[in-house]
Amino acid sequence: MAVAALVLSIWNTRRQRRQLQWQLAAVRSAGAEVKRLLDELPEAVLLLDRDFVVQSTNAAALTLFDSDAA
C-alpha cells in the first residue's frame, strides 16, 4: 500500500511539474506579446512599481527619454 501511494505521489508531482512548466511558458509568451503590442504604440508607456521605480518601458518611452535601456 505504501509503495502504491509513493508511486501515485511521484506521478502526481511530475504531472503538476509539467503543467506548471506549460503555464510558465504560456505566461512568458503572453508577456512577450504584450511587450510587442506596447512597443507598437505611439504613446510612451512606463511600468512603475509601488515605489514609482520604472520597471519597464515601451519603444516610444525610450525614444522620448533618448535611452536604449529597457
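All heavy atoms count here, side chains included; hydrogens, waters and symmetry mates do not.
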message: Tell me every residue that passes side-chain hydrogen bond (donor to acceptor under 3.5 Å, both in side chains) with D49, counting only those two or more places apart in sequence or in another chain.
response: Q55
- prompt: What distance do T57 atom OG1 and D39 atom CG have between them, rounded to the nearest 0.5 Å?
  reply: 7.5 Å
Separation between CZ of R14 and CD of Q16, rounded to the nearest 0.5 Å: 13.0 Å
message: Tell me every residue that passes side chain to side chain contact (heavy atoms under 4.5 Å, CB included) with V45, counting only those two or more places apart in sequence or in another chain.
response: L38, L41, N58
task: Taking side chain to side chain contact (heavy atoms under 4.5 Å, CB included) as the test, write out the residues that go with R28, two or more places apart.
output: L24
message: If I compare all heavy atoms of A60 with all of E43, which pair ends up nearest, and what's the gap?
response: CB-O, 3.4 Å
message: If we ignore hydrogens and angles and just use 3.5 Å, is the side chain of T13 paired with the main-chain N or O of S9 as donor and acceptor?
response: yes
Decide whether [X] and [Y] are clustered together by the hydrophobic rule: side chain heavy atoms of Ile, Leu, Val, Met, Phe, Trp, Tyr closer than 4.5 Å, transitively.
X   : Y   : value
L46 : L62 : no
V54 : F52 : yes
F65 : L48 : yes

task: Test the R15-W11 pair against the cation-pi criterion, namely NZ or CZ under 6.0 angstrom from the six-membered ring centroid and within 45° of the ring axis.
output: yes
